[in-house]
2 protein chains.
Amino acid sequence: MTTRNVRLLIEYEGTNYSGWQWQKNTKTVQETLTDAIRKVLQEDVKIHGAGRTDAGVHALGQVANFETHSKIPAKQLLRAINSYLPHDITIKEVSDIEDSFHAQYSAKSKIYQYTLLNDWIRTSLNRNFCHVYGFPLDMSKMIMAARCLIGTHDFTSFTTKAFADKNRIRTIKNLEIRKEGKYIYFLVEADGFLYKMVRTIVGTLLEVGRERMDVSHIKNLLMTKKRKLAGPVVPAKGLCLKEVKY
Amino acid sequence: MTTRNVRLLIEYEGTNYSGWQWQKNTKTVQETLTDAIRKVLQEDVKIHGAGRTDAGVHALGQVANFETHSKIPAKQLLRAINSYLPHDITIKEVSDIEDSFHAQYSAKSKIYQYTLLNDWIRTSLNRNFCHVYGFPLDMSKMIMAARCLIGTHDFTSFTTKAFADKNRIRTIKNLEIRKEGKYIYFLVEADGFLYKMVRTIVGTLLEVGRERMDVSHIKNLLMTKKRKLAGPVVPAKGLCLKEVKY
């Protein structure tokens, strides 16, 4: 029996999930998606996601793939799977793709966006999608600090010890900070990310912006590889997996 | 005992409320706000809102006022009231204002925004804040139709019979339609709005955009004053009270 490889583009609000990856005794996006696909295909499939987003993290452009024996056309699959998914998860695209495609291993880079509301007063409409941060921030200092992180570095200082991969060298292709009104957006593109890496980078850049850390300290952080010298991890709800590039 | 007049700028997500105005046996924004203020001031206040938003309608710039004997400074009031409010309602500003100010009667105009996602596929991140509409739309025809509605007219065709005010003449100062990617925004500024007026206007403009109604029919609608000749009412969740002008 022949199989085909199916690619999914997925949007989800992470608020009510314990992240992407399957875990015992808790609801995850991967599990919810697997259940919906099982109902449509009457078949157990193994879904590979491009990025293991943490609890509370959102996605506008998560990519996943799975193999199936089903012959249901892609367009029909999209509607059928969405009809079995809760409204905080949406399949945006379904397409047939070459057998060699693997959502995680084939990915060239991923782009995460972190959204900060730089205000003393909270927001109601956007409350699940941004971190509210009251302190005044020096944008030019944050941009200078961000530049030091672009390139290939050992990011040991920007991850959590317990979960750290053995190889902590990653390449940040781009790190952009953009201000729109009271909102500040951090866009980070890299070939891969360590556990809590984006949120530690943003937390560290905020320390620089608040002038509690000097721009020059960023280079020390990359060299000394000491997590405790970096800034705090900012909350998950401001983070969104925007795009996966292949 | 002297009183002072306090002005509030309020943001709320209407999803879990039966609209702004106090009603028996159901949760409204006005009631929730009154409860929070009572807890802070230990005093019963009567809150006047600029616009009576319907169930499910949001606000970025609702304005309200109330009289109080309290001497608590405005800045302190803001923090205190927010601490008693659920997170889907936020006071963005508190200020002292002249006694003659009344949020509803002093208003010169109000601006509502309606958000449409012109796509066949739903959205997860924005699901409570837009109406998903799959049919292709002719933007230029909708813009032409919108122009016919600007000015002073009897809007009987664009309201619900049962709740209609006796005087149904209103002045639309501006009606703008803007496309950004797959989103279409309808911005309507008027000196006042009839019940469900914005949502009936948008529903009618969509009929024109879909070419099920001719642009020239809009003038007939204004003249004949027959509700049943207008388009359907679009869902509340796409609507947001953006600004009140004084």
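In what follows, every heavy atom counts, from backbone to side chain, and hydrogens, waters and symmetry copies are set aside. A, B, ... follow the sequence lines: proteins, then strands. Residue 1 opens every chain.
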Next on the checklist: Counting only non-hydrogen atoms closer than 4.5 Å, does Thr123(B) touch chain A with its backbone (N, CA, C, O), its side chain (CB onward), both, or neither?
Outcome noted: both
Next on the checklist: Atom NZ of residue position Lys75(B) - does it have more than 12 heavy atoms of other residues, nucleotides or ligands inside 6.0 Å?
Outcome noted: no
Item to check | Contact check, side chains of Glu11(A) and Asn126(B), non-hydrogen atoms, under 4.5 Å | outcome: no
Checklist entry - Between the main-chain N or O of Leu125(A) and the side-chain N or O of Glu13(B), is there a donor-acceptor pair closer than 3.5 Å? => result no
Next on the checklist: Taking CZ in Arg4(B) as the centre, count heavy atoms belonging to other residues, nucleotides or ligands within less than 6.0 Å. Is the count above 12?
Outcome noted: yes
Next on the checklist: Taking atom CZ as the centre, does Arg38(B) end up with more than 12 heavy-atom neighbours from other residues, nucleotides or ligands that are less than 6.0 angstrom away?
Outcome noted: yes
Next on the checklist: Please enumerate all residues that pass salt bridge (charged side-chain N to carboxylate O under 4.0 Å, His left out) together with Asp119(B), with sequence neighbours excluded.
Outcome noted: Lys182(B)
Checklist entry - Could you give the distance from CG (Asn82(A)) to CH2 (Trp120(B)), rounded to the nearest 0.5 Å? => result 14.5 Å
Checklist outcome for this item: Those residues of residues 86-95 of chain B that come under 4.5 Å of chain A on a heavy-atom basis, listed by number, are Pro86(B), His87(B), Asp88(B), Ile89(B), Thr90(B), Ile91(B), Lys92(B)
Checklist entry - Any ring pair (Phe, Tyr, Trp, His ring centres under 6.0 Å) pairs touching residues 14-43 of chain A, not counting sequence neighbours? => result none
Checklist entry - Arg127(B) versus chain A, heavy atoms under 4.5 Å apart: side chain, backbone, both or neither? => result side chain
Next on the checklist: According to side chain to side chain donor-acceptor pair (under 3.5 Å), who are the partners of Ser70(B), at least two apart in sequence or on a separate chain?
Outcome noted: none
